[in-house]
Engineer: 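Have a look at the structure that comes next, please.
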Amino acid sequence: FYSPFCPACWNGEIILQELIAKYPKVRFENFDIRYCKEEAFKAMIRYIPAYHIKNLNASEVVYGLELNKIESAICKVGGC
C-alpha cells in the first residue's frame, strides 16, 4: 500500500522492482491507499508504505522499507 504523496513510498517502488526480479513466481500488486481504503482496512494497514504479503493460509504485514523484513515475510507465507 502506498500513496503518490508519500516520499518514503517513492523509494518503495525501487524495493518493489527488486522483489519482482528476485521472486518471479510471486504476484505483486500496488494499492493506492486513496482508492483502496476498504482493502487497507481488511488488511489492518495502519500507515504507509506497507506490504501485505499473503497466500491462502497465511498473512503478514510489513511496514517501512526494510528489504530483509519484507523478504522474511514473503518466505514466512511460503513465497521462497
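Only heavy atoms go into these numbers, but all of them, side chains included; no hydrogens, no water, no symmetry mates.
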Engineer: Are Ile14 and Trp10 connected in the hydrophobic side-chain network, where two residues link if heavy atoms are under 4.5 Å apart?
Structural biologist: no
Engineer: Any side-chain heavy atom of Ser59 within less than 4.5 Å of one from Ile53?
Structural biologist: no
Engineer: Run the side chain to side chain contact (heavy atoms under 4.5 Å, CB included) check on Phe1 and Ile33 step by step: do they pass?
Structural biologist: CA-CA 6 Å; Phe1 289 87; Ile33 197 81; 4.0 Å; yes
Engineer: Are side-chain heavy atoms of Glu60 and Ser72 found at a separation under 4.5 Å?
Structural biologist: no
Engineer: If you measure from SG on Cys9 to CG on Asp32, what distance do you get to the nearest 0.5 Å?
Structural biologist: 9.0 Å
Engineer: Side-chain heavy atoms under 4.5 angstrom apart, residues restricted to Ile, Leu, Val, Met, Phe, Trp, Tyr: same cluster for Tyr23 and Ile15?
Structural biologist: yes
Engineer: Are side-chain heavy atoms of Leu67 and Leu19 found at a separation under 4.5 Å?
Structural biologist: yes
Engineer: I'd like to know if Lys69 pairs up with Glu71 as an ion pair, taking the criterion as any Lys NZ or Arg NE/NH1/NH2 lying under 4.0 Å from an Asp or Glu carboxylate oxygen.
Structural biologist: no
Engineer: Test of understanding: clusters of I, L, V, M, F, W, Y form through side-chain heavy atoms closer than 4.5 Å, transitively. Do Leu65 and Val61 belong to the same one?
Structural biologist: no
Engineer: Given side chain to side chain contact (heavy atoms under 4.5 Å, CB included), test Phe5 with Ile48 step by step and report yes or no.
Structural biologist: CA-CA 11 Å; Phe5 303 108; Ile48 54 174; over 6 Å; no
Engineer: Should Lys37 and Glu39 be marked as a salt bridge (charged side-chain N to carboxylate O under 4.0 Å, His left out) after you check the CA-CA gap, both sets of side-chain angles, and the distance that decides it?
Structural biologist: CA-CA 5 Å; Lys37 291 181 180 165; Glu39 290 85 355; over 6 Å; no
Engineer: Nearest 0.5 Å please: distance from the CD1 atom of Ile70 over to the CG atom of Leu16.
Structural biologist: 8.5 Å
Engineer: Can you check whether Val77's main-chain N or O pairs, donor with acceptor, with Asn55's side chain at less than 3.5 Å?
Structural biologist: yes
Engineer: Sorted by first residue and then second, give each ring pair (Phe, Tyr, Trp, His ring centres under 6.0 Å) pair with at least one member in residues 40-73; sequence neighbours left out.
Structural biologist: Tyr47-Tyr63
Engineer: Between Lys22 and Glu18, is there a side-chain N and carboxylate O pair less than 4.0 Å apart?
Structural biologist: no
